[in-house]
Amino acid sequence: MKLLPLKGEAISKHKIIQYMLEDEVIMNWNILKKCVLMLILGAAVHLTWIIWKSFVLLSPSLGQWVNVPLVQFQLLMNFVFFISLLVMIWPCYAWQHKHWVRQFLPFLSVGLFVISLCRDGYVIGTLSPATMISYVSLVTVGLVLLPRSIVYSAFIPATLFLAGCTYLSYAGYLSYAPLFQIDGSAFNNGFWLLSMLFFIVPILFTCMILFEILLSQWRHRERLIKQLSQIDPLTNLFNRRSINQCLEQLNDAHDERYALVLLDLDHFKHINDQYGHHKGDEALVQVSAILSQQLRGTDVVGRFGGEEFILILHHSNTKQAQQAAERCRLAIQHIQLMSDENQPIQITASFGIAVSKPDMRPQLLLSQADKALYEAKAGGRNIVKIYTEAKGETASI
C-alpha cells in the first residue's frame with residue numbers, strides 16, 4: 001500500500017464523517033426512505049406489466065398465445081397493486097416520526113411487493129427467466145438495503161410459495177404459466193421469448209444501476225475509512241501507524257537518501273496545565289499547519305505521539321535537513337497563540353536530526369534522531385541537534 005504525502009492532500013475527519021452521514025448516500029438512508037425506493041421499484045414493475053398486458057389486449061392477433069380473460073383480470077390486479085404501492089409511499093413520509101410506522105411499515109411494504117411478485121411469477125411460470133431473475137435480483141437488493149429480518153420474513157414465504165407452485169404444476173394439480181397458451185417448446189415461440197425479454201431487460205437494467213451506485217458508495221466509504229485510519233483526528237497529519245508504514249517503505253528503498261527529523265514541543269504540559277487542554281490542542285493544530293506549510297510536497301509529516309512530530313525528508317542531505325528544521329523551528333517560535341485571558345502563549349520546539357546511510361534501517365535512524373532530540377532538550381530547548389554517527393554524538397547547527 002502506497003502512502004502519499006499528506007501535505008495538500010489530507011481529507012478532513014469532519015468531511016469524512018459528513019460524507020458518511022450524507023442523506024444522499026443510499027446506504028445511509030433511514031429504513032423508511034429505503035422502503036420508498038423499494039415501493040417505487042415495485043410500482044415500476046407493475047407499470048411494466050400494465051404496458052405489456054394493455055399491448056396484448058389491444059393486439060387481437062396475440063390472443064392465440066394468451067389466456068385473454070386471465071390477462072384482463074391480471075391487468076386489473078396490476079392496477080390495484082400499482083396504486084397500492086404508490087399510496088404506501090405517503091405514510092413513509094407523513095408518519096416517519098411515529099415509532100410504530102418505522103417498526104411495521106417496512107414489513108408491510110416489502111410484504112406487499114413480494115406478494116405481487118409471487119402472484120405475477122406464478123401466472124407467467126415459476127421457473128421462467130423473468131421470475132427467476134426478478135426473484136434473485138430483488139432478494140440481493142433487499143439484503144443490501146434492508147435489515148435481514150425484513151427481507152427473510154418476506155422472501156422465505158415467497159420461496160416456499162414458488163417452490164410449492166412448481167411442485168403442484170409438475171404433479172398436475174396446477175396449470176403451469178396459466179397466462180400463456182403455448183403448445184410445445186416455449187423457446188420456439190417468438191412471442192414468449194420477446195415477452196420474457198420485455199420483463200427481464202428493465203429489471204436487469206434497474207438492478208445493475210442500483211448495484212453500481214451501491215458498490216461505488218461502498219468502495220468510496222471504504223477508501224474514506226481507510227484514509228481516516230491513517231490520519232490523526234486532531235492535527236489531520238499522518239498518525240504513528242501511517243508513519244511506520246512509510247518507514248517500512250523506506251526500508252525497501254535502499255538507494256534513497258533521506259533524513260528523519262523528530263521534534264517535540266517545549267514545556268507542552270505547562271501549556272495544558274496553565275491554559276487548558278483546549279489551548280494545548282490549538283497549539284498542536286497550529287504547529288501541524290506550520291510543518292505542512294514549511295515542507296516540500298514530497299516530504300511527509302506526521303504526529304508521532306502526544307506533542308511529538310516526525311518529518312521524513314526525501315532526497316535530503318544533512319545541510320538540507322538542517323535548513324528545513326530551522327525553518328520549522330523559527331516558524332513555530334513565531335506562532336501567535338493567545339490564552340482565554342488574551343495573554344500570549346509562547347510555543348517553541350526542539351529538533352533532532354538523523355541522516356540515512358547506505359543499508360541503514362529506518363528504525364536505527366529513528367533511534368539516532370531520538371538521541372539528537374534528547375540532546376536538544378537537554379541543551380536548553382528550542383534548538384536543532386544533528387546526530388553525528390562518526391563521533392557517536394550530536395551537534396547543534
Side-chain angles (χ1 to χ4, degrees), residues 5-7 232 234-235 237-248 250-251 257-273 280-281 283-296 299-314 316-335 345-357 360-397:
L6 189 64
K7 181 181 178 183
D232 174 66
L234 175 64
T235 61
L237 301 178
F238 278 150
N239 57 23
R240 186 158 190 158
R241 174 188 175 188
S242 300
I243 292 298
N244 287 333
Q245 292 176 349
C246 290
L247 295 177
E248 290 176 3
L250 290 173
N251 192 41
R257 182 81 167 177
Y258 64 94
L260 294 184
V261 181
L262 286 178
L263 63 131
D264 192 88
L265 299 189
D266 299 326
H267 306 295
F268 185 73
K269 185 177 183 301
H270 172 73
I271 296 177
N272 280 333
D273 293 342
D281 290 346
L284 293 173
V285 171
Q286 291 201 30
V287 168
S288 66
I290 288 293
L291 295 176
S292 297
Q293 293 168 4
Q294 295 298 323
L295 299 184
R296 300 167 300 181
D299 297 329
V300 176
V301 54
R303 185 182 180 188
F304 212 51
E307 65 273 21
E308 190 174 16
F309 297 84
I310 184 172
L311 312 178
I312 302 177
L313 310 180
H314 293 281
S316 295
N317 54 32
T318 302
K319 182 178 180 181
Q320 292 170 326
Q322 290 175 355
Q323 294 172 345
E326 184 61 20
R327 286 199 310 271
C328 293
R329 186 191 69 81
L330 291 174
I332 292 173
Q333 181 178 293
H334 289 93
I335 289 178
I345 302 176
Q346 182 64 42
I347 302 176
T348 60
S350 302
F351 291 73
I353 300 174
V355 181
S356 67
K357 303 290 183 181
M360 177 181 288
R361 294 181 60 84
Q363 293 301 327
L364 176 58
L365 195 66
L366 185 63
S367 176
Q368 294 176 353
D370 189 58
K371 291 179 181 178
L373 175 61
Y374 179 81
E375 291 297 326
K377 288 283 189 180
R381 305 178 190 271
N382 193 25
I383 56 176
V384 176
K385 287 282 187 176
I386 305 167
Y387 182 87
T388 306
E389 188 178 36
K391 299 180 179 180
E393 58 185 18
T394 56
S396 58
I397 64 173

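Numbering starts at 1 and runs along the sequence shown. We use all heavy atoms of the structure for the numbers below, so side chains are in, but hydrogens, waters and symmetry mates are not.
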Next on the checklist: Can you tell me which residue among Arg257, Gln323, Arg296, Gln322 is in a side-chain contact (heavy atoms from CB on, under 4.5 Å) with Ser316?
Outcome noted: Arg296

Mind listing the side-chain donor-acceptor pairs of residues 346-354 below 3.5 Å, one per line with the distance, residues two or more places apart or on another chain?
unit_1: Thr348; atom_1: OG1; unit_2: Asp266; atom_2: OD2; d: 2.7
unit_1: Ser350; atom_1: OG; unit_2: Asp266; atom_2: OD1; d: 2.7
unit_1: Ser350; atom_1: OG; unit_2: Asn382; atom_2: N; d: 3.1

Item to check | Interatomic distance, Leu260 atom CG to Gln363 atom CD [nearest 0.5 angstrom] | outcome: 9.0 Å

Checklist entry - CG/Leu265 to CG/Leu284 distance, rounded to the nearest 0.5 angstrom? => result 6.0 Å

Item to check | Non-hydrogen side-chain atoms of Val384 and Leu263 separated by less than 4.5 Å | outcome: no

Next on the checklist: For a 4.5 angstrom cut-off between non-hydrogen side-chain atoms, does Leu365 reach Leu247?
Outcome noted: no

Treating [X] as the side-chain partner and [Y] as the backbone partner, does any N or O pair qualify as donor plus acceptor under 3.5 Å?
X: Gln286; Y: Ala283; value: no
X: Arg303; Y: Gly306; value: yes
X: Ser288; Y: Val285; value: yes

Next on the checklist: I'd like to know whether CZ of Arg381 has more than 12 heavy-atom contacts from other residues, nucleotides or ligands below 6.0 angstrom.
Outcome noted: yes

Item to check | Residue Phe268 excluded, over 12 heavy atoms near CZ under 6.0 Å | outcome: yes

Item to check | Residues Leu250, His314; criterion side chain to side chain contact (heavy atoms under 4.5 Å, CB included); working and verdict | outcome: CA-CA 9 Å; Leu250 290 173; His314 293 281; 3.6 Å; yes

Checklist entry - Would Leu311 and Asp299 satisfy side chain to side chain contact (heavy atoms under 4.5 Å, CB included), going step by step from the backbone distance to the final call? => result CA-CA 7 Å; Leu311 312 178; Asp299 297 329; over 6 Å; no

Checklist entry - Judged by modelled atom types alone, do Ser242 and Asn239 share a side-chain donor-acceptor pair under 3.5 Å? => result yes

